[in-house]
K.L.:
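The structure that follows is given in the form of structure tokens.
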4 protein chains.
Amino acid sequence: MMKVMFLRKSKTNLIFQAAIDVFSEKGFDKATMDDIAARANVAKGTIYYHFKSKEELFLFLVEEGVEMLREGVESKLTEDLTPREKIELILREQISFFGQYRDFCVILLRESWGAEDRQLEFRKMIRSYMALIEKVVQEGKDAGVFHDVSAENAGSALFGMAAIAALHILLGKGDYDEDKLFSDLKQIALSGLLK
Amino acid sequence: MMKVMFLRKSKTNLIFQAAIDVFSEKGFDKATMDDIAARANVAKGTIYYHFKSKEELFLFLVEEGVEMLREGVESKLTEDLTPREKIELILREQISFFGQYRDFCVILLRESWGAEDRQLEFRKMIRSYMALIEKVVQEGKDAGVFHDVSAENAGSALFGMAAIAALHILLGKGDYDEDKLFSDLKQIALSGLLK
Amino acid sequence: MMKVMFLRKSKTNLIFQAAIDVFSEKGFDKATMDDIAARANVAKGTIYYHFKSKEELFLFLVEEGVEMLREGVESKLTEDLTPREKIELILREQISFFGQYRDFCVILLRESWGAEDRQLEFRKMIRSYMALIEKVVQEGKDAGVFHDVSAENAGSALFGMAAIAALHILLGKGDYDEDKLFSDLKQIALSGLLK
Amino acid sequence: MMKVMFLRKSKTNLIFQAAIDVFSEKGFDKATMDDIAARANVAKGTIYYHFKSKEELFLFLVEEGVEMLREGVESKLTEDLTPREKIELILREQISFFGQYRDFCVILLRESWGAEDRQLEFRKMIRSYMALIEKVVQEGKDAGVFHDVSAENAGSALFGMAAIAALHILLGKGDYDEDKLFSDLKQIALSGLLK
DNA sequence: TATGAATGAGCATTCATTCAT
DNA sequence: GATGAATGAATGCTCATTCAT
């Protein structure tokens, strides 16, 4: 998402960047097209020349964001890794992504729960990411190295654990110590709290 | 909150119930006072007779909800339980609460991320619940039965794991199998994925 | 008005007093029945038990106020006074009244200009006061001691001169020096600016 | 204000004109933005595109009106006139202005008395006009041709005399005979009622 | 007499969207 | 491609008035 964007300097891109800023600062409803236009140094009509509606602009944005997270993780899940290593990689990548794109992640967590079409769409995207985790869990189970838990439950649990823990720190006051968070989550996810 | 509410049939309560419905369906911004009034079969002015503003109505609602979750859990965390049993209890209670008050939980997950005062307030409430978990984790560490992970990280991780996994099922199509979810999360949280 | 009021301690009177305070502070439109009820330490319904409407309450209030000014002046305009002395008396009385009932006078000046029934009513009241002045001017003209100016013009001019000059001081920062104001207005009204 | 306004036919101007009409008819509080929009044949949103708020629109309006009166008078107060001629000129101009802009003058007299910021602002504007009169009175005193009255008292008295007398006629039923009113006020202001 | 909960019409303001240039 | 003036439906909130007790 953001990477691609930095290459071109088209109006479309200016708008896109501005939209990320504004949506993450204010949320979908509170953000106005005027805000975005001002941030992009573009006339309001110009946004409508490039995007059909506020909704569509937002959808594009979230789509690219989730895709980026998913692809980033997927591309690193090479065949030579063990299930355990894959889980570690997923946790590390997700923690890193949340640190790098905090604002986008706030959007995601804010706007994915509800019954509007947009929100259903977002949950579908998130599920496509969770599916990656589920696949790894299944592999582990098939290989006999993981306990017999529902892959779906494990997928959402691991995503949720990392997401909420990351945002909890990022939206609090302290520093975001990615290494400590990773080490703690890895401990819990793989070996549990109990000694 | 909801329990007490069901007993009385005051206007205040009608409004409260309607507000839960509407806010969870549409979120804070999209929900209108007209919606809530219509759902409660009350004139719009009546809402303002009982609550100072939309914001205040919402705040009350979330306050009572989180308090109910927190107190429900806290009251059951008796001294005779081991840390392991306490973690199990917390997971079971939270899973049950999410099943019972799905709409409220959607509200909580939707509206807690952002920089508005209201949102800061919500996160503070959630933190007061997480603190319960942190305390138990600390106990376990002190007793030498839990691994040495940051209690804060563990607290947000366990809350997030259960919250997201629960909502993932509740907002999907399938049934909400509390027992299976509990058993899976207990497994991961206490002993991890690895055999 | 105010004098009579202080004698009784009925609810009606409590409301009346509160209404004067609130109306003069906020004006007719901005003043609310809640304000008045709170100031009178009375339930809102009680006001409606004693007065038919906000409008009526206001009307009563202004009626009594103007009547008090008019009667106060009229009762002192004894037959033994010369027209010149009468003009002096009118000026002195009006200046004194404005000083004593500043808030009420603000109401009067605020709410008398417009086309609503209430406002027409107020102007009629004011005209009944101006009529006193006109009569004196006519007397002076008939007696050959006043110049030949339209009595009506003179009446409104003298009322306006004293009213605006008084409020100009009363709403400004300085002290309200009634004697100096009287002496200046007397000078202008009777002998003019020119030496 | 009005003069310039009549030249252009911009939306801004349409709104401005409509606002004068509506505010003078109903007063600030009772006038609604819907009224103004309807009168201007403009969508309500259009008003907000050109003016930040009802308050701001109103303020602009009064500002320009008073400024027009002040400048109109000031520009004619040339050095070659005697104090007496200047007072005459001021009276004539003010009487003419009130006749020409009756509605605006109603607004001014209605909305200048109270403690709201807006009203303080208006009184400040009026004082800037009164200052013109005070200066002339001072000149007359310095030149030894006027009696020794407080310039401030004389300023507010002359303004008030002309304002109230003018509106008294304009809001009554009869014709507005500017010449007679001028001749009467000149008589009183310069030479007084007494022969 | 007195109360205060309930009402609903009314209002200022916002903002996504359109469209003539 | 780009603009920004214009739109009008939508919304949170107010407040005079009513009425059951």
Side-chain angles (χ1 to χ4, degrees), chain A residues 10-12 14-15 28-38 40-58, chain B residues 10-12 14-15 28-38 40-58, chain C residues 10-12 14-15 28-38 40-58, chain D residues 10-12 14-15 28-38 40-58:
Chain A
S10 63
K11 287 263 146 111
T12 307
L14 277 176
I15 294 167
F28 179 77
D29 288 305
K30 284 278 184 10
T32 72
M33 296 301 261
D34 277 293
D35 288 338
I36 297 171
N41 271 323
V42 164
K44 191 160 39 162
T46 308
I47 303 183
Y48 283 88
Y49 187 82
H50 292 274
F51 298 90
K52 215 178 69 192
S53 67
K54 188 185 178 185
E55 189 99 14
E56 198 199 77
L57 170 57
F58 191 50
Chain B
S10 64
K11 287 266 144 110
T12 306
L14 277 176
I15 294 166
F28 180 78
D29 289 305
K30 282 278 186 4
T32 72
M33 296 303 258
D34 278 295
D35 288 339
I36 297 172
N41 269 322
V42 173
K44 192 166 26 168
T46 307
I47 303 183
Y48 283 91
Y49 188 79
H50 292 273
F51 299 90
K52 224 178 58 193
S53 66
K54 186 185 179 185
E55 188 100 13
E56 198 199 77
L57 170 56
F58 193 50
Chain C
S10 63
K11 288 262 145 108
T12 306
L14 278 175
I15 294 167
F28 180 78
D29 289 304
K30 283 278 184 5
T32 72
M33 297 301 259
D34 277 294
D35 288 340
I36 296 171
N41 270 324
V42 164
K44 190 162 36 163
T46 308
I47 302 182
Y48 283 88
Y49 188 81
H50 293 272
F51 298 90
K52 219 179 65 191
S53 67
K54 187 184 179 186
E55 189 99 14
E56 198 200 76
L57 171 56
F58 192 49
Chain D
S10 64
K11 287 265 145 110
T12 305
L14 277 176
I15 295 166
F28 181 78
D29 288 306
K30 281 279 186 1
T32 72
M33 295 303 259
D34 277 295
D35 288 339
I36 297 172
N41 270 324
V42 172
K44 194 166 24 167
T46 307
I47 302 182
Y48 284 90
Y49 189 79
H50 293 274
F51 299 90
K52 221 177 63 193
S53 67
K54 187 184 179 185
E55 189 99 14
E56 199 200 78
L57 171 56
F58 192 50

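Keep in mind that this is a model prediction, so the values were computed, not measured. Chain A is the first sequence line, chain B the second, and so forth, proteins listed ahead of strands; every chain is numbered from 1.
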K.L.:
Can you list everything that forms a side chain to side chain donor-acceptor pair (under 3.5 Å) with C:K54? Sequence neighbours excluded, please.
P.N.:
none
K.L.:
Could you list the residues that satisfy salt bridge (Lys or Arg N to Asp or Glu O under 4.0 Å) with A:E55, not counting sequence neighbours?
P.N.:
A:R118
K.L.:
Taking only residues two or more places apart in sequence, or in another chain, which ones meet B:S53 in a side chain to side chain donor-acceptor pair (under 3.5 Å)?
P.N.:
none
K.L.:
Can you name the salt bridge (Lys or Arg N to Asp or Glu O under 4.0 Å) partners of D:K52, sequence neighbours left out?
P.N.:
none
K.L.:
Can you tell me how far C1' of E:dT13 sits from CD of D:E56, to the nearest Å?
P.N.:
13 Å
K.L.:
Taking only side-chain nitrogens and oxygens of C:H50, does any of them come within less than 4.0 Å of OP1 or OP2 of E:dT1?
P.N.:
no
K.L.:
Using Watson-Crick and G-U wobble pairs whose two distances are both under 3.5 Å, how do you write the pairing of DNA chain F as dot-bracket, with | for links to another strand?
P.N.:
.||||||||||||||||||||
K.L.:
Quickly work out the B:I36 CD1 to F:dT11 P distance and round it to whole Å.
P.N.:
12 Å
K.L.:
Using whole Å, what does the distance between atom C1' of nucleotide E:dA12 and atom NZ of C:K30 come to?
P.N.:
12 Å
K.L.:
For D:N41 and F:dA6, give me the distance from atom CG to atom C1', rounded to whole Å.
P.N.:
14 Å
K.L.:
Taking the nucleotide of DNA chain E with the closest heavy atom to each, which residue, C:I47 or A:F28, is nearer the 5' end?
P.N.:
C:I47
K.L.:
Quick one: ring-ring contact (aromatic ring centres under 6.0 Å, His included) partners of D:F58, sequence neighbours excluded?
P.N.:
D:F23, D:F28, D:F122
K.L.:
Collect all protein-nucleotide pairs involving nucleotides 17-21 of chain F in which both atoms are nitrogen or oxygen and the distance is under 3.5 Å.
P.N.:
unit_1, atom_1, unit_2, atom_2, d
F:dT17, OP2, C:Y48, OH, 3.0
F:dT17, OP2, C:K54, N, 3.0
F:dT17, O4, C:K44, NZ, 2.9

K.L.:
Rounded to the Å, how far apart are B:K11 NZ and E:dG4 P?
P.N.:
18 Å
K.L.:
Between atom CZ in B:F51 and atom P in F:dG12, what is the gap in whole Å?
P.N.:
16 Å
K.L.:
Nearest of E:dA2, F:dT7, E:dG8 to any side-chain atom of D:V42?
P.N.:
F:dT7
K.L.:
At under 4.0 Å, does any side-chain N or O of B:T46 touch on OP1 or OP2 of E:dT7?
P.N.:
yes
K.L.:
Of all heavy-atom pairs between B:L14 and B:A40, which one has the smallest distance, and what is that distance?
P.N.:
O-CB, 3.7 Å
K.L.:
Under the side chain to side chain donor-acceptor pair (under 3.5 Å) test, which residues partner D:D34, sequence neighbours left out?
P.N.:
D:K44
K.L.:
When we call it a touch if two heavy atoms are under 4.0 Å apart, what does C:A37 touch: a base, just sugar-phosphate, or nothing?
P.N.:
nothing
K.L.:
Select from D:A43 and C:T32 the residue whose nearest nucleotide in DNA chain F is closer to the 5' end of that strand.
P.N.:
D:A43
K.L.:
Heavy atoms, side chains only, cut-off 4.5 Å: are A:L57 and A:I36 in contact?
P.N.:
yes
K.L.:
Using the side chain to side chain contact (heavy atoms under 4.5 Å, CB included) criterion, which residues pair with A:N41? Sequence neighbours excluded.
P.N.:
none
